[in-house]
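Beneath this line is the structure, given in structure tokens, with notes to follow.
None of the values given here were measured: they were computed from a predicted structure.
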Amino acid sequence: MALEKHSKQMIVHYESAGSQVALLEDGKLVEFYIERPLERERAGNIYKGRVVNVLPGMEAAFVDIGLEKNAFLHIDDLLPANLEKKPLVKPSIADLLRLGQHIIVQVKKEPYGGKGARITTHFTIPGRWIVLLPNADYVAVSKKISSEEERTRLTAIGEKLRLVDEGLILRTVAEGETYEALEQDLLLLRSLWNDAAFKAQQTLIPPALLYRDLEMIPRLIRDLVTDEVDEIIVDHPQMAEEITWMVHEISPAFAKRVHLYDKSAPIYTIYSISTELEKAFRPKIMLPSGGYLVLDRTEALIVIDVNTGKFVGDEDLEQTVFAANLEAAEEIARLLRLRDLSGIIIVDFIDMTQDEHRRLVAERLEQCCAKDRTKTNIVGWTKLGLMELTRKKVRHTVDHSLN
């Protein structure tokens, strides 16, 4: 199938044993998600838990929320999010929590390895256009909305809509939306929060689930479907109908973009998704020019080494190295999204002699990472000439789900 320039497609493979969603940009795989019925994610869920351990030396507590391992609550995730409401003198965790105390918390990071889930009392309820922060008391607008006029408009709408002591974040997709659409989104979110709060006041014995975030496919429809998505291709008739309904709720015009895949060959074969996944998860990732990346994961960080390989260029050595590093920067940004890599990431680009080239490589990496919905912080060059960056972790990495 011929792809138009800058096209974006969402490919949905659904079966009872598990669902998979792939996002393609210009025919290239950039994001991949997988969910199995018995491995549903907990990030975003709200629980009524019970404090089982308080550790003043770590300024943290462990809370039983019904998972295999007790969840970890740091004092910074317990104190108010607003600076105005924070105490002048930071209290001890022992002053705030006691053994056996019931507490309402939200999972902010999935359990991983031998660690339990990371939890918080800074609640967030995400909607299509708005994220509700029940206890935050401020309005924020996505930094990806660049128009100051639009930012001012959305801020004014948010201030008008929100209740006292209620916070709102206007998401990137809220750009251009009407007051009425934003109000309806907020009313739904407020209803979800009020329902969770009502359950919390009942005589439920913890651990108890109060609010569950959407399953993977509805969540991705909510978060990914925008004007930029040209097609949503689904290989299951019933799921195609459900997705058409979900998309219609967002915008009736978007419903026409949902198509049922009806060819005999597996959908992931036709769109080369299985092949691209296999390539992306190798320790050695080849670049189109002949260069390659080597990716090593350690307990503390991820290291990516850039090599010229068979790429010799057409000009002098410096230009060859510069071109190879630019290409590597683009591929590294894609791998971060596709493999959902997180934590501290160190990139050993090929040594460049010109400061301007170093600046342009860092700029290219930052531009490509800007497409990522997960926050990536380009820290910059270290004294050893390495590029340091960090990427937020919320859910399990894709390679964890595939294993």
Side-chain angles (χ1 to χ4, degrees), residues 8-12 19 21 23 31 33 35 40-41 43-46 106-108 122-134 136 138-147 150-151 153-163 166-196 211-232 234 239-258 337 371-375 392 394-395:
K8 185 178 286 190
Q9 295 167 301
M10 183 183 293
I11 313 297
V12 181
S19 306
V21 177
L23 187 68
E31 294 183 27
Y33 305 88
E35 183 176 65
R40 188 169 175 184
E41 295 177 340
N45 291 355
I46 297 176
Q106 184 172 35
V107 176
K108 63 183 291 188
H122 302 161
F123 303 103
T124 59
I125 312 291
R128 170 64 181 171
W129 293 293
I130 290 175
V131 178
L132 171 64
L133 291 71
Y138 66 84
V139 172
V141 177
S142 167
K143 293 180 180 179
K144 293 186 178 181
I145 298 178
S146 56
S147 167
E150 180 64 4
R151 294 180 66 84
R153 185 187 77 90
L154 290 174
T155 300
I157 291 176
E159 290 290 357
K160 188 173 181 179
L161 286 175
R162 78 182 183 94
L163 302 177
E166 184 179 73
L168 304 179
I169 298 175
L170 282 300
R171 306 181 72 172
T172 306
V173 289
E175 187 171 11
E177 285 301 325
T178 65
Y179 178 95
E180 291 74 20
L182 298 174
E183 181 181 36
Q184 287 303 309
D185 198 33
L186 177 57
L187 289 175
L188 173 60
L189 300 179
R190 200 175 280 154
S191 173
L192 292 172
W193 169 250
N194 289 338
D195 182 57
Y211 162 83
R212 186 190 295 278
D213 197 6
L214 296 175
E215 293 184 3
M216 182 186 72
I217 290 178
R219 187 180 75 242
L220 293 176
I221 295 296
R222 177 192 70 194
D223 294 344
L224 294 179
V225 175
T226 66
D227 283 329
E228 296 178 350
V229 176
D230 302 294
E231 288 184 292
I232 304 170
V234 191
M239 181 53 64
E241 288 186 15
E242 291 182 22
I243 289 176
T244 300
W245 179 81
M246 294 177 211
V247 172
H248 185 276
E249 289 293 298
I250 295 172
S251 170
F254 286 178
K256 298 178 182 178
R257 303 179 188 182
V258 182
R337 292 174 68 188
K371 301 175 185 178
D372 194 344
R373 294 186 304 122
T374 300
K375 184 177 180 181
K392 186 178 178 182
V394 176
R395 305 180 188 276

- Message: Using 0.5 Å steps for rounding, measure from the CD1 atom of Ile243 to the CE atom of Met246.
- Response: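 The CE atom of Met246 is 6.0 Å from CD1 of Ile243, to the nearest 0.5 Å.
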- Message: What's the separation between atom OG in Ser146 and atom CZ in Arg151, rounded to the nearest 0.5 Å?
- Response: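 One finds 8.5 Å between OG of Ser146 and CZ of Arg151.
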Indicate yes or no: at least one non-hydrogen side-chain atom of [X] is less than 4.5 angstrom from one of [Y].
X      : Y      : result
Leu23  : Leu220 : no
Met216 : Val21  : yes
Ile221 : Met10  : yes
Trp245 : Glu249 : yes
Ile11  : Ile232 : no

- Item | For Ala196 against Tyr211, the heavy-atom pair lying closest together |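 For Ala196 versus Tyr211, the nearest heavy atoms are CB-CB, 4.1 Å.
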- Query: Closest heavy-atom contact between Ala174 and Leu154?
  - Reply: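 Heavy-atom minimum between the residues: O-CD2, 3.8 Å.
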So, [X] side chain and [Y] main chain: donor-acceptor pair closer than 3.5 Å or not?
X      : Y      : value
Glu150 : Gly176 : yes
Asp230 : Lys8   : yes
Gln106 : Thr124 : yes

- Query: Would the number of heavy atoms belonging to other residues, nucleotides or ligands and lying under 6.0 Å from NZ of Lys144 be above 12?
  - Reply: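 More than 12 heavy atoms, drawn from other residues, nucleotides or ligands, come within 6.0 Å of this atom.
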- Can Asp372 and Lys392 be said to form a side-chain contact (heavy atoms from CB on, under 4.5 Å), step by step? CA-CA 11 Å; Asp372 194 344; Lys392 186 178 178 182; over 6 Å; no
- Message: Which residue is it: Val139, Leu132, Leu133, Val141? I am looking for the one with a side-chain contact (heavy atoms from CB on, under 4.5 Å) to Ile169.
- Response: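 So the option named by the test is Leu133.
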- Message: Show me the pairs that pass side-chain hydrogen bond (donor to acceptor under 3.5 Å, both in side chains) and involve residues 170-179, at least two apart or across chains.
- Response: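 Checked against side-chain hydrogen bond (donor to acceptor under 3.5 Å, both in side chains) - neighbours excluded - the pairs reaching residues 170-179 are Ser142-Thr172, Arg171-Asp223.
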Using a 3.5 Å cut-off and no angle test, enumerate the donor-acceptor pairs between side-chain atoms of residues 180-193 and protein atoms at least two apart in sequence or in another chain.
residue	atom	partner	partner atom	Å
Asp185	OD1	Arg128	N	3.3
Asp185	OD2	Arg128	N	3.3
Asp185	OD2	Trp129	N	2.8
Asp185	OD2	Ile130	N	2.9
Arg190	NE	Glu166	OE2	3.1
Arg190	NH2	Leu161	O	3.2
Arg190	NH2	Glu166	OE1	2.8

- Task: Could you please spell out the steps behind the side-chain contact (heavy atoms from CB on, under 4.5 Å) verdict for Ile125 and Val131?
- Result: CA-CA 6 Å; Ile125 312 291; Val131 178; over 6 Å; no
- Query: Does any donor atom in the side chain of Glu31 or Tyr33 lie under 3.5 Å from an acceptor atom in the other side chain?
  - Reply: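 There is such a pair (donor and acceptor under 3.5 Å, judged by atom type) between the side chains of Glu31 and Tyr33.
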- Message: If the condition is salt bridge (Lys or Arg N to Asp or Glu O under 4.0 Å), which residues does Arg257 pass it with, not counting sequence neighbours?
- Response: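 Once residues adjacent in sequence are excluded, Arg257 has no partner under the salt bridge (Lys or Arg N to Asp or Glu O under 4.0 Å) criterion.
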